[in-house]
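Presented below is the structure to which this report refers.
Note: hydrogens, waters and symmetry copies are ignored here, and every other heavy atom, side chains too, is used. Sequence positions, counted from 1, serve as the residue numbers for this chain. Whatever order the structure lists them in is the order used to number ligands and atoms, beginning at 1.
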Amino acid sequence: MRKRSLSGIKSTGIPHLGNYLGMIRPAIDLQEEYDAMYFVAEYHALTSVKNAKAMRDSTHLITAYFLAFGLDPARAAFFRQSDVPEVTELAWILSCVTNMGMLERAHAYKAAKDRGEHKEINHGIFAYPVLMAADILIYDSDVVPVGADQVQHLEMTRDMAQKFNYIYGEELLKLPEAMVRKEVATVPGVDGRKMSKSYNNIIEPLTTSKKLRKQCMKIVTDSKELEDPKDPDNDNVFALYKLFATEDEQAELAAKYRAGNYGYGHAKQELFEKMDAYFAPYRERFNEIKDDEDYLEGVLDEGAKKVRPIVEDVMERVRSATGLGGK
Ligand code: ADP
Ligand code: TRP
């Protein structure tokens, strides 16, 4: 049997370069060798998105992104998390074998608390890792392509599955592995911190050339003068350029940095041209399909139908083992 690859992305807005390199590209590349199942994590987005139109628009946008980047709906299932409401049932069942202490150690929850948002932290944020575990375990997933920030969630998922299996019976739930591409595990944003929607430091891969250029020009550098030699290994522009250039091209740019008389503005322009050329064909496809709601909804419906038998199989196993229902 082919192994299963599964991942999710929240419908919280427009995907950024970190999402693309860390998750979207690796996930799509796996569709050849794996049974690939990817979804828009609306339930997870609901912890912060409180507007129905924004939620639906983002779901469509993300679907169009995946399709433009080459997700093949004939091979992979691409669907809405909310079309599989059983994940919320499994999340409850897992909640009942999950220690509060583990959830209190979750990075996302701790970060929200450290930012002093304690009054605003809803239960969804606290329980977020349990729902994510349910997402993964309900498909008997083997691998989960994600960026480095999700590795802790995968460890928690394995913990919950192990605990469940220990209580109810060996091998009821399959233990998944995170799959992280080292060179893009944490893509930096224009300010050098991890690229993230919440930091306002993103580059949008499929925006217009003009906006892409503007975003590149916003990359923060040190204040060396044009004539000064520069250090490619301590520069955000170079760090991003590396992700798109061949080794020869990287060596060439590094030499220009070290020689001096080469400004960060020049480097930003080279980075922009590289990314613009790379993304141009995807952008064209994206613009063709992004407003075709019938097509996008059709893909999402088909995807949900495809995963249904797996969900039913796993949930039957879980209900039967836990004593829920009549069998
Ligand atoms: P964000 O972190 O911007 O809110 P999501 O949480 O929806 O985005 O992330 C979707 C996927 O993209 C996850 O697998 C996550 O690990 C990955 N990802 C997000 N930001 C980055 C980044 N800067 N570098 C690498 N991968 C990332
Ligand atoms: N938590 C992930 C994120 O913030 C999104 C997500 C939800 C996910 N469910 C998942 C990722 C299941 C992988 C598998 O990016």
Legend entry - Shortest protein contact, atom 5 (C) of ligand 2 (heavy atom only): Gly8 O, 3.6 Å
Inset, instruction - Name all residues meeting the side-chain contact (heavy atoms from CB on, under 4.5 Å) criterion together with Gln250; count only those two or more places apart in sequence or in a different chain, and write none if there are none. - result: Phe238, Lys242, Ala245
Inset, instruction - Identify whether Ile138 and Trp92 are in the same connected component of the hydrophobic contact network (ILVMFWY, side-chain heavy atoms under 4.5 Å). - result: no
Inset, instruction - Could you grab the distance from atom CG of Leu173 to atom OH of Tyr168, nearest 0.5 Å is fine? - result: 11.0 Å
Legend entry - Listed once per pair and sorted, the ring-ring contact (aromatic ring centres under 6.0 Å, His included) pairs that draw on residues 295-314, sequence neighbours left out: none
Inset, instruction - Give a yes or no on whether a salt bridge exists between Glu204 and Lys211, defined as a side-chain N under 4.0 angstrom from a carboxylate O. - result: no
Inset, instruction - May I ask you to list the atoms of ligand 1 that are less than 4.0 angstrom from any heavy atom of Ser196? - result: 3 (O)
Inset, instruction - Could you tell me whether Tyr128 and ligand 2 have an N or O pair separated by under 3.5 Å? - result: yes
Inset, instruction - With the side chain counted from C-beta on, respond yes when Ile219 and Leu271 share a heavy-atom pair under 4.5 Å apart, and no when they do not. - result: yes
Inset, instruction - Record the part of Thr186 in heavy-atom contact with ligand 1 below 4.0 Å; permitted values are side chain, backbone, both and neither. - result: backbone
Legend entry - Close side-chain approach of His44 and Tyr128, heavy atoms under 4.5 Å: yes
Inset, instruction - List every atom of ligand 1 that sits less than 4.0 Å from any heavy atom of Ala185, numbering the atoms from 1 in the order shown and giving each element. - result: 24 (N), 25 (C), 26 (N)
Inset, instruction - Specify the protein heavy atom at minimum distance from atom 9 (N) of ligand 2: its residue, its atom name, and the distance to 0.1 Å. - result: Asp135 OD2, 2.7 Å
Legend entry - Close N or O approach (Val187, ligand 1; < 3.5 Å): yes
Inset, instruction - Could you tell me which non-hydrogen atom of Tyr38 sits nearest to which non-hydrogen atom of Ala27, and how far apart they are? - result: OH-O, 2.7 Å
Legend entry - Option of least heavy-atom distance to atom 3 (C) of ligand 2 (set: His44, Gln150, Met37, Met132): Gln150
Legend entry - Heavy-atom pair of closest approach, residues Leu300 and Thr59: CD1-CG2, 4.2 Å
Legend entry - Closest protein heavy atom (residue, atom, distance) for atom 6 (O) of ligand 1: Lys10 CE, 3.3 Å
Legend entry - Ligand-side contact atoms (ligand 1) for residue partner Gly22, heavy atom cut-off under 4.0 Å: 25 (C), 26 (N)
Inset, instruction - Measure Asp149 to ligand 2 on non-hydrogen atoms and call it side chain, backbone, both or neither using the 4.0 Å cut-off. - result: neither
Legend entry - Proximity of Met23 to ligand 1 by residue part, where a heavy atom lies under 4.0 Å: side chain
Inset, instruction - Heavy-atom contacts with Val144 under 4.0 Å: which atoms of ligand 2 show up? List them by number with element. - result: 13 (C), 14 (C)
Inset, instruction - Considering heavy atoms of the protein only, find what lies nearest to atom 19 (C) of ligand 1 and give residue, atom and distance to 0.1 Å. - result: Asn19 ND2, 3.3 Å
Legend entry - Pro188 and ligand 1 - part of the residue with a heavy-atom distance under 4.0 Å: neither
Inset, instruction - Of the side chain and backbone of Val184, name the one, both, or neither that has a heavy atom under 4.0 Å from an atom of ligand 1. - result: backbone
Legend entry - Heavy-atom proximity to atom 15 (C) of ligand 1, best of Asn201, Val146, Asp149: Asp149
Inset, instruction - With Arg25 as the cation and Tyr20 as the aromatic partner, state whether NZ or CZ is under 6.0 Å from the six-membered ring centre and within 45° of the axis. - result: no
Inset, instruction - Among all protein heavy atoms, pick out the one at the shortest distance from atom 2 (O) of ligand 1; state its residue, atom name and that distance to 0.1 Å. - result: Lys194 NZ, 3.5 Å
Legend entry - Cationic tip of Lys306 above Phe79 ring, under 6.0 Å, 45° of axis: no
Legend entry - Region of Met23 engaging ligand 2 - heavy atom pairs below 4.0 Å: neither
Inset, instruction - Kindly indicate whether the side chain of Arg4, heavy atoms from C-beta on, has any atom under 4.5 Å from the side chain of Asp140. - result: yes
Inset, instruction - Could you tell me the separation between the CG atom of Leu90 and the CE atom of Met160, rounded to the nearest 0.5 Å? - result: 10.0 Å
Inset, instruction - Report the part of Leu131 in contact with ligand 2, treating N, CA, C, O as backbone and CB onward as side chain, heavy atoms under 4.0 Å; options are side chain, backbone, both, neither. - result: neither
Legend entry - Per-atom contacts of ligand 2 with Lys10, taking only distances under 4.0 Å to non-hydrogen atoms: 4 (O)
Inset, instruction - Answer yes or no: is there an ion pair linking Asp159 with Lys163, defined by an N-O contact shorter than 4.0 Å? - result: no
Inset, instruction - Mind checking the CG-CG spacing from Leu240 to Leu17? Nearest 0.5 Å is all I need. - result: 6.5 Å
Inset, instruction - Closest by any non-hydrogen atom to atom 1 (P) of ligand 1: pick that one out of Gln150, Arg193, His16, Arg181. - result: His16
Inset, instruction - Report the part of Phe39 in contact with ligand 2, treating N, CA, C, O as backbone and CB onward as side chain, heavy atoms under 4.0 Å; options are side chain, backbone, both, neither. - result: side chain
Inset, instruction - Consider every N or O of Gly8 and every N or O of ligand 1, then say whether any pair is closer than 3.5 Å. - result: no
Legend entry - Identity and separation of the nearest protein heavy atom to atom 26 (N) of ligand 1: Gly18 O, 3.3 Å
Legend entry - Atom indices of ligand 1 within 4.0 angstrom of Ile9 heavy atoms, with elements: 7 (O), 10 (C)
Inset, instruction - Out of Val146, Thr47, Ile136, indicate the one that has the non-hydrogen atom closest to atom 14 (C) of ligand 2. - result: Ile136
Inset, instruction - On the 0 to 90° scale, with breaks at 30° and 60°, tag the Phe39-Tyr139 ring pair as parallel, tilted or perpendicular. - result: tilted
